[in-house]
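First comes the structure, then the notes that go with it.
So you know, we letter chains A, B, ... as the sequences are listed, proteins then strands, and number each from 1.
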Amino acid sequence: MTELQPARGTHDLIGEDQRRHHHVAETARRIAASYGFDEWITPIFEDTRVFSRTLGETSDVVMKEMYTFEDRGGDSVTLRPEGTAGVCRALVTNGLTQSLPQKVFYAGPMFRYERPQKGRYRQFHQIGIELIGPSEPLADAEAIACGWDILKALGVADDTVLEINTLGDKESHAAYRDALIAYFAAHQDKLSKDSLTRLERNPMRILDSKDEGDRSIVAGAPTIEPYLTEAAATFYAQVQAYLTGFGVPFRKNPRIVRGLDYYGHTAFEFVTSKLGAQGTVMAGGRYDGLVAEMGGPRTPAVGWAAGIERLGMLMDAAPPPPAPVVVVPIGEAAEAAALGVLQALRAAGIRAEMAYRGNLRRRMERANKIGARATVILGDDDIAAGVAQVKDLRTGTQDAVAFAEIAARLA
RNA sequence: GCGGGCGUAGCUCAAUCGGUAGAGCGCCAGGUUGUGGUCUUGGAUGUAGUGGGUUCGAAACCCAUCGCUCGCCCCA
């Protein structure tokens with residue numbers, strides 16, 4: 001490969017791509033702020049243990065998907081594969097476990113070493129929120145409502161459905177897990193090869209197998225509800241009641257699972273059918289066990305994360321940048337006067353550009369091409385008279401405006 | 001990590017059976033050196049992803065490699 005290319009799974013965000021990206025992040029930031037979330041900016045790389053600790057031993061495979069390397073001092077660091085672990089680490093290292101609740105919003109790049117697919121990259125970007133402290137089911141519903149509002153504001157809510165499930169508390173979860181293993185073990189002969197290995201290392205994952213044959217077996221598998229303790233069942237019912245109270249439509253999906261131990265109770269995903277196999281657009285749940293694994297006191301928390309690229313692909317179009325005003329001097333003498341006009345426009349908050357080169361016709365063409373809404377044409381006669389020709393490129397009308405009034409005229 | 005499809009101009013894409021590469025758009029310049037959009041005339045651009053092989057001859061066939069894409073695995 002002689003020509004330089006972006007590294008595999010990375011991409012440049014330019015033009016429309018950048019605008020979509022920015023619009024997703026800004027919209028999320030604004031709406032999260034209205035819910036009382038403050039933005040945290042945590043490091044893009046962390047001590048590898050920040051992630052390995054939370055991922056536990058399920059994950060000799062998972063470790064292979066992280067960007068982990070030794071720095072020059074011999075310490076193992078990892079480019080963050082997700083946002084929650086870093087936020088929990090920051091909560092602990094900043095002593096904020098004494099100041100709960102903390103309502104955190106974040107946005108930024110994440111890194112996973114995997115095979116790129118539609119909406120799935122090695123460097124990608126996520127937005128997310130974490131509501132740390134409350135153990136009440138109202139917090140779960142509020143986090144979800146915030147996510148729903150963001151999807152609505154982005155115009156993607158119509159193509160998206162919220163699916164919720166409960167993972168129960170420890171007791172419920174253990175009982176359900178045993179029941180599932182017993183069920184699938186009884187159907188071992190009909191399970192796919194992949195699911196047989198799942199049965200060994202991560203039986204819950206059989207529930208979202210994509211294999212045709214597995215699906216019919218999964219269809220008959222037990223759901224968690226009969227195994228819920230009374231407390232867990234009540235919690236789940238309350239989450240649903242609050243969601244209804246917030247006006248968030250949802251569908252129960254007993255097949256939603258989470259791989260790691262620190263998850264419990266609520267698990268949810270916003271799903272679209274418009275992105276092929278990568279249909280989950282926002283996912284989250286309650287993780288009361290994570291802060292403790294980070295070395296802090298046991299602290300309840302709930303949150304979600306969403307891929308900016310995926311949301312950007314679902315959006316109709318990003319709002320276009322404001323149309324500029326172009327200042328067009330005719331001749332060298334006029335250029336000096338044009339600089340003053342240009343800066344006056346900018347000072348008034350108007351997006352203004354200078355037409356650098358070519359004859360008048362060329363400069364007008366240029367202005368038109370970049371989508372200018374108006375041009376301010378400055379000739380020697382005009383300058384002598386203290387005016388400029390302000391031409392509206394949409395209507396084609398043009399008239400002389402005194403220097404001092406140009407900015408107000410174009411505001 | 002595994003499997004399918006694809007890779008030709010800045011972009012979107014053509015080219016019969018293997019005979020030495022084209023269109024549209026865009027770009028640049030002129031028609032019009034004080035007025036854009038429409039019109040019109042002309043112009044530039046390709047290491048055919050890369051490397052190897054078969055052949056008198058390869059964009060086309062074969063192998064490898066890189067990248068993109070769709071799916072699987074995984075999904076914190």
Side-chain angles (χ1 to χ4, degrees), chain A residues 1-11 15 50-56 58-66 78 80-88 110-121 124 126 128 192-195 197-198 201-202 204-205 208-212 214 256-263 267 269 275-280 283-285 287 290 293 303-305 307 326 328-331 334 355 357-383 388-398:
Chain A
M1 173 177 31
T2 35
E3 209 169 321
L4 257 22
Q5 293 179 343
R8 177 163 217 201
T10 66
H11 56 155
V50 170
F51 305 110
S52 61
R53 194 178 283 185
T54 64
L55 292 171
T58 0
S59 52
D60 48 2
V61 184
V62 166
M63 289 296 287
K64 289 174 190 152
E65 305 222 335
M66 301 202 310
T78 295
R80 63 185 187 190
E82 52 102 17
T84 306
V87 166
C88 289
M110 307 291 168
F111 304 83
R112 297 182 187 181
Y113 191 87
E114 13 175 47
R115 186 93 181 230
Q117 267 180 59
K118 190 185 203 67
R120 184 175 186 174
Y121 306 97
F124 60 107
Q126 283 187 331
S192 69
K193 210 172 167 192
D194 283 331
S195 284
T197 63
R198 290 188 184 108
R201 64 168 68 174
N202 205 350
M204 310 286 290
R205 283 289 170 198
D208 52 24
S209 170
K210 285 167 186 160
D211 182 90
E212 284 283 331
D214 286 350
I256 292 178
V257 296
R258 289 289 116 95
L260 301 166
D261 292 342
Y262 53 75
Y263 285 108
E269 298 182 357
L275 285 179
Q278 308 304 315
T280 299
Y287 51 94
L290 182 54
E293 293 195 31
W304 53 254
V326 175
V328 182
I330 303 166
R357 40 179 276 219
N359 57 32
L360 178 58
R361 178 179 166 214
R362 184 64 61 213
R363 293 184 198 216
M364 292 297 288
E365 256 177 18
R366 204 87 224 165
N368 188 62
K369 183 168 301 176
I370 65 173
R373 53 190 245 248
T375 50
V376 177
I377 304 164
L378 288 152
D380 294 338
D381 298 350
D382 297 318
I383 293 168
Q389 299 297 325
V390 174
K391 179 166 187 174
D392 184 320
L393 292 190
R394 285 166 190 165
T395 62
T397 59
Q398 173 175 325

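Here the closest heavy-atom approach between residue A/Ala283 and residue A/Glu269 is recorded as CB-CG, 4.0 Å. When all heavy atoms are compared, the tightest approach of A/Asp380 to A/Ile330 is OD1-O, 4.1 Å.
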Is there any protein nitrogen or oxygen under 3.5 Å from a nitrogen or oxygen in nucleotides 39-41 of chain B, and what are the pairs?
none

Can you pull every protein N or O that's under 3.5 Å from an N or O on nucleotides 71-73 of chain B?
{"residue": "B/G71", "atom": "OP1", "partner": "A/Ala277", "partner atom": "N", "Å": "2.9"}
{"residue": "B/C72", "atom": "OP1", "partner": "A/Lys210", "partner atom": "NZ", "Å": "3.4"}
{"residue": "B/C73", "atom": "OP1", "partner": "A/Arg198", "partner atom": "NH2", "Å": "3.0"}
{"residue": "B/C73", "atom": "N4", "partner": "A/Arg120", "partner atom": "NH1", "Å": "3.1"}

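Distances shorter than 4.0 Å separate some side-chain N or O of A/Arg8 from OP1 or OP2 on B/C68. Look at A/Asn202 and you'll find a side-chain N or O under 4.0 angstrom from OP1 or OP2 of B/C75. Phosphate contact (OP1/OP2 of B/G34, side-chain N/O of A/Lys391, threshold under 4.0 Å): absent. The shortest distance between the side-chain N/O atoms of A/Arg258 and the OP1/OP2 oxygens of B/C74 is not below 4.0 Å. Residue A/Arg362 places at least one side-chain N or O under 4.0 Å from the OP1 or OP2 atom of B/G30.
Between the CG atom of A/Asp392 and the C1' atom of B/U35 there is a distance of 14 Å, given to the nearest Å. Distance A/Asn359 CG to B/C28 C1': 14 Å, rounded to the nearest Å. One atom, OH of A/Tyr121, and another, C1' of B/U69, lie 11 Å apart when rounded to the nearest Å. Rounded to whole Å, the distance from CE on A/Met364 to C1' on B/G37 is 10 Å. One interatomic measurement links the two molecules: NZ of A/Lys369 to P of B/U35, which rounds to 18 Å at whole-angstrom precision. Rounded to whole Å, atom P of B/G36 lies 15 Å from atom CD of A/Gln389. Note: CG (A/Asp382) to P (B/G34) measures 13 Å, nearest angstrom. A/Ile377 has its CD1 atom 16 Å from the P atom of B/U33, to the nearest Å.
The same atom, C1', is picked in B/U33 and in B/U50; the two are 49 Å apart, to the nearest Å. Across B/G37 and B/A21, the matching C1' atoms stand 34 Å from one another, rounded to whole Å. Separating the C1' atom of B/G4 from that of B/C75 is a span of 22 Å, rounded to the nearest Å. Comparing B/U45 with B/C39, their P atoms sit 26 Å apart, to the nearest whole Å. B/G7 and B/U16: their P atoms are spaced 14 Å apart (whole Å). B/C28 sits 37 Å from B/C61 when the P atoms are compared, rounded to a whole Å. Across B/C6 and B/A44, the matching C1' atoms stand 29 Å from one another, rounded to whole Å. A distance of about 23 Å separates the C1' atoms of B/C56 and B/A15, rounded to the whole Å.
Rounded to the nearest 0.5 angstrom, A/Leu290 CG and A/Asp261 CG are separated by 11.5 Å. Taking OH of A/Tyr113 as the start and OG1 of A/Thr78 as the end, the distance is 14.5 Å to the nearest 0.5 Å. Between A/Glu293 atom CD and A/Cys88 atom SG the span is 10.0 Å, to the nearest 0.5 Å.
Judged by distance alone, the side chain of A/Thr197 and the main-chain N or O of A/Asp194 form a donor-acceptor pair under 3.5 Å. For A/Asp392 (side chain) and A/Ala374 (main-chain N/O), no donor-acceptor pair under 3.5 Å exists by modelled atom type. Under the 3.5 Å distance criterion, the side-chain polar atoms of A/Thr395 are matched with a main-chain donor or acceptor of A/Thr397. Of the possible donor and acceptor atoms, none in the side chain of A/Arg112 sits under 3.5 Å from a partner among the backbone N and O of A/Glu65.
Using bins of under 30°, 30° to 60° and over 60° for the plane-to-plane angle, the ring pair A/Tyr263/A/Tyr287 lands in the perpendicular bin.
Using a 4.0 Å heavy-atom distance criterion, A/Arg112 is classed as a base contact. Within 4.0 Å (heavy atoms only), A/Asp380 reaches at least one base atom of the nucleic acid. Across all strands, A/Gly331 comes closer than 4.0 Å to no nucleic acid atom at all (heavy-atom distances). As judged by a 4.0 angstrom heavy-atom cut-off over every strand, A/Gly83 is placed among residues making no nucleic acid contact.
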* Asked: Based on Watson-Crick and G-U pairs with both distances under 3.5 Å, what dot-bracket line describes RNA chain B 5' to 3', crossing pairs as [ ] and inter-strand pairs as |?
  -> (((((((..((((.....[..)))).(((((.......))))).....(((((..]....))))))))))))....
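The residues A/Glu365 and A/Lys369 are annotated as not salt-bridged, no charged nitrogen and carboxylate oxygen being separated by less than 4.0 angstrom. Between A/Glu114 and A/Arg8, none of the side-chain N atoms (NZ, or NE/NH1/NH2) sits under 4.0 Å from a carboxylate O, so this pair counts as no salt bridge.
A donor-acceptor contact under 3.5 angstrom links the side-chain atoms of A/Asn368 to the base of B/G36.
Counting non-hydrogen atoms of neighbouring residues, nucleotides and ligands closer than 6.0 angstrom, the CG atom of A/Asp211 exceeds 12 such neighbours. Within 6.0 Å of CZ on A/Arg198 lie more than 12 heavy atoms contributed by other residues, nucleotides or ligands.
Nearest-nucleotide assignment on RNA chain B puts the 5′-proximal partner with A/Tyr113, out of A/Thr397 and A/Tyr113.
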